[in-house]
Amino acid sequence: MSKIYCSDSGACDVCVIGAGLAGCMAAIEAASHGAAVSILSSASVCSGSSFYPGTWGLGLIAPLNDDDASNLYEQICRVGCGMVDNKLALSFVDGIRPAVAHLESLGVHLKKAEHKEEQAFIPCFDSSHRAWHGLLADSMHEVFAQKIHELGIIKAEQCEVLKIVQQDDGCICGIVAVHKGSLRYIPCKAVILASGGFGGLFQDHLCTSDVTGSGHALALECGCSLINMEFMQMMLGFDHPCYGTVCNEKTFRYISLHSSDGADILASLENQDTLLAERSTYGPFSSRLASSAVDLAVASAIARTGMPVELRYEAEMLENMPEFVRIYFDWLWEKKHLNPDSPVWIKPFAHAANGGIKIDADAWTGIPGLYACGEVTGGMHGADRIGGLSTANALVFGLRAGMNAARHAAHTEINHTLCQFEAVCDKTALQKSAALRKIMTEYCMIDRTEEGLIQAHKMIEKLSILQLSSSDDMCDVAGTYRLRAQLKTAAAIVQAQRNRRESRGSHFRSDYPQQVCGQEV
């Protein structure tokens with residue numbers, strides 16, 4: 001198998017992998033601390049789940065004051081069901097208000113609630129009102145583009161990272177990437193992983209196509225640890241029309257659900273109105289609450305008929321529409337040309353990961369020169385996550401990753417000027433990636449069982465046997481390295497789901513349905 005030596009090209013102090021909210025914040029902060037920074041995205045700058053076009057906005061919450069910060073920490077622990085890194089969560093909460101103030105100081109416009117006392121503004125899974133903000137994508141695009149230009153940050157779009165390079169002592173010294181069809185080695189003193197979650201490992205997902213799950217495997221190969229990988233949020237979304245649009249859970253108290261054969265799939269549920277009222281208080285599926293019966297009924301109906309479920313809104317909603325719901329329908333009409341009378345069919349989608357790379361309060365992974373932030377990380381959340389805290393995670397740990405990576409780079413020298421790399425490909429990589437998404441969707445969505453997870457494990461092992469050959473086609477090489485990374489991440493998810501023989505928050509095992517909460521394992 002041939003070796004390719006990638007020569008020094010575009011060396012920098014800090015290399016940021018990923019250009020969503022976390023990556024942009026990290027890059028800007030690192031550059032503000034004097035580092036020479038490159039930000040790499042397999043799509044474009046301002047991409048990833050932070051800028052997913054299938055949702056009506058990016059929510060952000062913050063504590064109102066010090067007492068509320070203590071309460072928020074307590075709620076994170078309650079909702080996390082014993083799966084939260086307490087020290088990390090405390091540090092996280094302490095950093096939210098300064099991070100929000102910093103974002104505003106950059107010039108990003110934050111939308112405020114006009115009627116913040118409305119019940120609908122209590123965050124998902126929370127029990128109290130917080131300082132609620134809506135992040136406007138256009139404002140973020142404008143401000144981030146301006147700051148990246150002012151600070152001289154090098155942008156590398158359509159750039160896919162295949163390997164993080166380490167010196168013999170384990171210190172980070174560069175990355176190997178395919179950039180616009182060419183293989184590049186970029187020496188650097190620190191790397192920040194901000195590559196997003198692993199929703200793209202599933203056939204149906206509510207995230208952008210560049211959210212592939214590769215970052216977790218890159219971290220594993222460097223010696224990092226993963227945490228809480230079994231806790232994956234599943235959301236109900238539109239199958240058609242407007243595939244991949246997120247349902248607004250605040251409307252659920254006003255809906256009825258019908259299978260493709262016309263049956264009311266909730267008719268057999270006792271206290272249906274009570275269950276729907278509870279289900280309207282949160283977005284992702286949680287086995288922790290009785291209203292999980294609604295999501296399980298949807299999944300069961302789809303398994304029975306092979307078709308999505310029809311969602312219908314009741315007239316009561318139209319007569320007295322809360323502000324939060326009106327915001328959603330205004331957006332739905334403007335962007336998707338749908339109104340409350342439009343027929344809609346729904347099904348479960350993979351949404352956001354609550355687990356990921358284990359970091360400390362400084363966004364450090366434990367590997368010299370390697371930091372991580374945003375959805376690729378875990379520990380500050382647990383089995384369930386309060387709404388608006390994924391965005392807060394991106395801000396808090398994006399800022400910390402940028403600052404600490406810059407400080408590390410300022411006191412680091414690297415002597416690595418050449419990188420040995422195997423340019424190989426498996427010509428069936430695209431088909432195998434599609435097969436992997438099908439496996440994850442069939443066995444690792446809402447309803448998981450030991451039998452199904454064993455089958456998934458065996459199928460992933462089989463897919464991992466690659467037929468490699470040397471290649472000069474860097475698109476094929478990138479596809480193969482992406483597949484290898486996705487298989488590694490998927491295997492970690494399946495193993496975590498197999499290991500947790502219980503139901504806890506977003507993790508549901510129908511063969512172990514008894515709910516466990518608050519007991520650290």
Side-chain angles (χ1 to χ4, degrees), residues 76-77 79-86 88-89 197-202 213-234 284-288 292 295-296 299 348 350-359 365-366 372 375-385 436-437 439-464 484-521:
I76 288 172
C77 294
V79 166
C81 297
M83 296 290 100
V84 177
D85 179 328
N86 293 342
L88 185 64
F198 45 80
L201 294 178
F202 296 79
S214 299
H216 305 77
L218 291 173
L220 282 174
E221 289 167 359
C222 290
C224 299
S225 299
L226 303 181
I227 184 172
N228 290 345
M229 294 293 282
E230 65 270 41
F231 299 120
M232 174 73 185
Q233 290 187 336
M234 302 292 168
F285 167 78
S286 176
S287 63
R288 182 170 50 89
S292 61
D295 302 73
L296 293 172
H351 179 45
N354 287 352
I357 302 167
K358 186 174 178 59
I359 59 171
T365 65
E375 196 188 333
V376 76
T377 63
M380 68 294 296
H381 313 300
D384 281 327
R385 186 187 72 232
L436 175 62
R437 289 191 293 273
I439 292 166
M440 297 297 287
T441 297
E442 183 171 354
Y443 299 110
C444 304
M445 288 284 285
I446 284 178
D447 190 349
R448 303 158 187 170
T449 65
E450 183 71 10
E451 181 182 2
L453 293 171
I454 288 173
Q455 183 67 13
H457 178 80
K458 290 178 178 177
M459 295 171 79
I460 290 170
E461 278 193 330
K462 187 175 180 180
L463 286 179
S464 299
R484 288 209 300 202
Q486 290 180 310
L487 288 165
K488 185 183 286 286
T489 302
I493 295 167
V494 171
Q495 190 60 58
Q497 292 176 348
R498 286 188 66 189
N499 290 345
R500 189 160 296 286
R501 296 185 176 184
E502 62 183 22
S503 292
R504 190 186 288 249
S506 55
H507 176 67
F508 177 69
R509 290 280 299 262
S510 57
D511 48 354
Y512 295 95
Q514 186 170 352
Q515 189 60 215
V516 179
C517 188
Q519 173 188 340
E520 194 157 341
V521 176

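Just so it is clear, the model here is predicted, and its values are computed rather than measured. Just so you know, residue 1 is the first one in the sequence shown, and it goes up from there.
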For a 4.5 angstrom cut-off between non-hydrogen side-chain atoms, does Leu296 reach Phe508? yes

Side-chain donor/acceptor of Gln233 to backbone N/O of Ser506, under 3.5 Å: no

Do Arg498 and Glu450 meet the salt-bridge criterion of a basic N to acidic O distance under 4.0 Å? yes

Examine distances only and state if a side-chain atom of Arg385 and a backbone atom of Gly382 form a donor-acceptor pair shorter than 3.5 Å. no

Minimum heavy-atom distance between Ala350 and Gly199, given as atom pair plus value: CB-O, 4.2 Å

May I ask you to decide if Gly505's main-chain N or O and Ser287's side chain share a donor-acceptor pair within less than 3.5 Å? yes

CG (Asp511) and CG (Asp447) are apart, to the nearest 0.5 Å, by 8.5 Å

Counting N and O atoms only, with roles assigned by atom type, does the side chain of His216 sit under 3.5 Å from a partner on the main chain of Leu226, one being a donor and the other an acceptor? no

CZ of Phe231 to CG of Asn354, rounded to nearest 0.5 Å, is 8.5 Å

Working to the nearest 0.5 angstrom, can you tell me the gap between Ile227 CD1 and Leu88 CG? 8.0 Å

Look up atom CZ in Arg448 and atom CE in Met232, then write down how far apart they are to the nearest 0.5 Å. 8.5 Å

Could you check Ser214 against Gln486 for side chain to side chain contact (heavy atoms under 4.5 Å, CB included), going step by step and ending with a plain yes or no? CA-CA 5 Å; Ser214 299; Gln486 290 180 310; 4.2 Å; yes

Is the side chain of Asn228 donor-acceptor paired with the backbone N or O of Met83 at a distance under 3.5 Å, no angle test? yes

Within the side chain of Thr365, is there an N or O that forms a donor-acceptor pair under 3.5 Å with the backbone of Cys224? no

side-chain hydrogen bond (donor to acceptor under 3.5 Å, both in side chains) with Glu230: which of His507, Gln497, Arg500? Arg500

Rounded to the nearest 0.5 Å, what's the gap from CD1 on Ile446 to OG on Ser510? Could you check? 11.5 Å

Side-chain contact, heavy-atom cut-off 4.5 Å: Arg288 with Asp384? yes

Looking only at heavy atoms, the pair that brings Ile357 and Ala372 closest together is CD1-CB, 4.2 Å

Mind checking whether Asp295 and Pro348 have side chains closer than 4.5 Å, heavy atoms only? no

Donor-acceptor pair, Ser503 side chain versus Gln515 backbone, under 3.5 Å? no

Set out, in order, the CA-CA distance, both residues' side-chain angles and the distance that settles side chain to side chain contact (heavy atoms under 4.5 Å, CB included) for Ile359 and Met380, then state yes or no. CA-CA 9 Å; Ile359 59 171; Met380 68 294 296; 4.0 Å; yes

Would Leu463 and Ile439 count as a side chain to side chain contact (heavy atoms under 4.5 Å, CB included) here? Give the steps. CA-CA 11 Å; Leu463 286 179; Ile439 292 166; 3.7 Å; yes

What's the separation between atom CD1 in Ile460 and atom SG in Cys444, rounded to the nearest 0.5 Å? 6.0 Å

Determine whether a donor-acceptor pair (N or O, by modelled atom type, separation under 3.5 Å) exists between the side chain of Arg504 and the backbone of Cys81. yes

